[in-house]
Amino acid sequence: MSATLCLGLNAQRSVYNRDVRFGFKIDPVFTNSFRAAENDIERSGSGFGVNYGLMADVLFSDGRGAFATGLEVAHASSELIYSTSSRGLKRAEAAGTDQNYKLKLQYLQIPLSVKLKTNQNNGFRFWGQFGTYMGALLKSRMDYSYGSVSESNVNAMKNTNKVNMGLLVGAGGEYEIAPKTDLFFGIGMENGFTDITANKDWKDGKVGLNRWAIRLGMFF
């Protein structure tokens with residue numbers, strides 16, 4: 001009983017002394033772009049989106065770094081043009097015409113990274129971040145057209161990879177507005193490693209998802 005009580009008090013003390021920080025974030029994503037490996041597939045546009053969710057920093061003992069993680073919902077959209085009838089979902093019907101696809105995706109995402117920080121000066125400190133992220137597909141909708149045929153908001157879950165992973169990097173700053181309350185801001189990039197399109201359906205090689213976002217949030 002006493003050992004359990006001591007563990008509980010120590011865990012509570014760690015949180016209150018900011019060994020662990022929690023916060024929330026809203027990240028406007030100003031660039032969503034697919035990256036196709038095949039020459040006959042073009043990116044036709046870059047969509048906007050937003051990430052939102054919770055953040056957690058497990059601080060290093062010197063206070064100048066942390067293991068950063070959290071749980072967030074991520075939205076992405078971008079467009080692809082297939083200039084050959086041998087690739088794409090509608091390849092059998094689309095001989096001699098371009099196929100245009102816009103995918104609108106939603107993921108439940110967990111970032112895992114190391115965040116290094118400068119010393120605080122007049123309430124400000126700067127940080128850099130490097131790591132990875134893992135996302136599970138929640139929703140996939142598609143608009144497509146080829147020739148005179150078009151359809152909007154089609155369910156594309158079975159044609160989209162259910163997992164997305166990639167490289168996460170970022171840089172920015174924090175400003176202390178009150179004891180144990182910090183504004184968080186910066187810019188980040190997500191470079192997808194995973195093939196977004198289910199290749200057995202699309203026959204299009206690897207199509208990755210790259211994203212640039214503004215990081216905005218608050219730690220408590």
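What's counted below: heavy atoms across the whole structure, side chains too, no hydrogens, waters or symmetry copies.
Counting heavy-atom neighbours within 6.0 Å of Lys139 NZ, excluding the residue itself, gives a total of 12 or less. Applying the 6.0 Å contact sphere to CG of Asn122 captures no more than 12 heavy atoms from other residues, nucleotides or ligands. Summarising the local packing, CG of Asp62 is surrounded by more than 12 heavy atoms from other residues, nucleotides or ligands at distances under 6.0 Å. The number of heavy-atom neighbours closer than 6.0 Å to CZ of Phe30, taken from other residues, nucleotides and ligands shown, is above 12. Residue Phe60 qualifies as enclosed at atom CZ: its count of foreign heavy atoms under 6.0 Å is above 12.
Between Arg91 and Ser86, the closest heavy-atom pair is CD-O, 3.3 Å. The two residues Ile110 and Gly70 come nearest to each other via the heavy atoms CG2-O, 3.6 Å. Between Leu59 and Ala66, the closest heavy-atom pair is CD2-CB, 3.7 Å. Nearest heavy atoms, Ser152 versus Asp143: CA-OD1, 3.3 Å. The two residues Leu216 and Pro28 make their nearest non-hydrogen contact at CD1-CD, 4.1 Å. Smallest separation of non-hydrogen atoms from Ser145 and Ser150: CB-CB, 3.8 Å.
Between Leu105 and Ile196 the shortest side-chain heavy-atom distance falls below 4.5 Å. Using a 4.5 Å heavy-atom threshold, the side chains of Met55 and Phe184 count as touching. For the pair Leu167/Phe130, a side-chain contact is recorded, criterion being any heavy-atom separation below 4.5 Å from C-beta on. No side-chain heavy atom of Tyr144 sits under 4.5 Å from any side-chain heavy atom of Leu89. Within the 4.5 Å cutoff, the side chain of His75 has no heavy atoms near those of the Asn32 side chain. Contact annotation: the side chain of Met157 approaches that of Leu137 to within less than 4.5 Å [non-hydrogen atoms, C-beta and beyond]. A 4.5 Å side-chain heavy-atom check between Gln106 and Val73 finds at least one atom pair inside the cut-off. Residues Asn51 and Arg211 are in side-chain contact: their nearest non-hydrogen atoms beyond the backbone lie under 4.5 Å apart.
Checked for salt-bridge contact, Lys25 and Asp27 meet the test: a charged N lies under 4.0 Å from a carboxylate O. Note on Arg21 versus Glu174: salt bridge recorded, some NZ/NE/NH1/NH2 to OD/OE distance being below 4.0 Å.
By the criterion of side-chain heavy atoms lying less than 4.5 angstrom apart, applied directly or through intervening Ile, Leu, Val, Met, Phe, Trp or Tyr residues, Met218 is grouped together with Phe185 in one hydrophobic cluster. Follow the hydrophobic side-chain contacts under 4.5 Å out from Tyr107 and you reach Phe34 in the same cluster. Tracing side-chain contacts under 4.5 Å through hydrophobic residues (I, L, V, M, F, W, Y), one never reaches Leu112 starting from Val58; they form parts of separate clusters. Hydrophobic cluster membership is shared by Leu138 and Tyr52, with clusters built from Ile, Leu, Val, Met, Phe, Trp and Tyr side chains linked at under 4.5 angstrom. Cluster annotation: Leu71 and Met165 are assigned to the same hydrophobic cluster (Ile/Leu/Val/Met/Phe/Trp/Tyr, side-chain heavy-atom contacts under 4.5 Å, transitive).
Between the OG1 atom in Thr69 and the NZ atom in Lys115 there is a gap of 10.5 Å [rounded to 0.5 Å]. Summarising the geometry, atom NZ belonging to Lys90 is positioned 6.5 Å from atom OH belonging to Tyr101; distances are rounded to the nearest 0.5 Å. In this structure, Arg141 CZ and Leu103 CG are separated by 12.0 Å, a value rounded to the nearest 0.5 Å. Atom-to-atom distance recorded for Met189:CE and Asn210:CG is 7.0 Å, nearest 0.5 angstrom. Rounding to the nearest 0.5 angstrom, the gap separating the CG atom in Leu108 from the CE atom in Met134 is 11.0 Å. Rounded to the nearest 0.5 Å, atoms CG (Asp57) and CD (Gln129) are 8.0 Å apart.
With hydrogens and angles disregarded, a donor-acceptor distance shorter than 3.5 Å links the side chain of Lys162 to the backbone of Thr160. Remark: the backbone N or O of Ile26 is not paired with any side-chain donor or acceptor of Glu72 at under 3.5 angstrom. Listed for the Trp202 side chain is a donor-acceptor partner under 3.5 Å among the backbone atoms of Asn159. At least one donor-acceptor pair closer than 3.5 Å links the side chain of Lys206 to the backbone N or O of Phe193. Between the side chain of Thr132 and the backbone N or O of Gly166 there is at least one donor-acceptor pair closer than 3.5 Å. Looking only at distances, no side-chain donor or acceptor of Gln109 sits under 3.5 Å from a matching main-chain atom of Asn164.
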request  = Could you walk me through whether Val207 and Glu38 pass side-chain contact (heavy atoms from CB on, under 4.5 Å), step by step?
outcome  = CA-CA 9 Å; Val207 175; Glu38 304 297 332; over 6 Å; no

request  = Any chance you could lay out the ring pair (Phe, Tyr, Trp, His ring centres under 6.0 Å) test for Phe220 and Phe22, step after step, and finish with the verdict?
outcome  = CA-CA 6 Å; Phe220 299 97; Phe22 297 99; over 10 Å; no

Full working for side-chain contact (heavy atoms from CB on, under 4.5 Å) between Val114 and Phe67 = CA-CA 5 Å; Val114 173; Phe67 292 108; 4.0 Å; yes

request  = Take Arg64 and Asn119 through the side-chain contact (heavy atoms from CB on, under 4.5 Å) test and state the conclusion after the steps.
outcome  = CA-CA 7 Å; Arg64 296 187 58 187; Asn119 291 326; 3.3 Å; yes

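The closest side-chain donor-acceptor pair between Asp195 and Thr197 falls under 3.5 angstrom. Ser33 and Thr31 form no side-chain donor-acceptor contact under 3.5 Å, judged by distance and modelled atom types alone.
Each of Asn199, Asp40, Asp204 was evaluated against Arg87; a single residue qualifies, Asp40, per the side-chain hydrogen bond (donor to acceptor under 3.5 Å, both in side chains) test.
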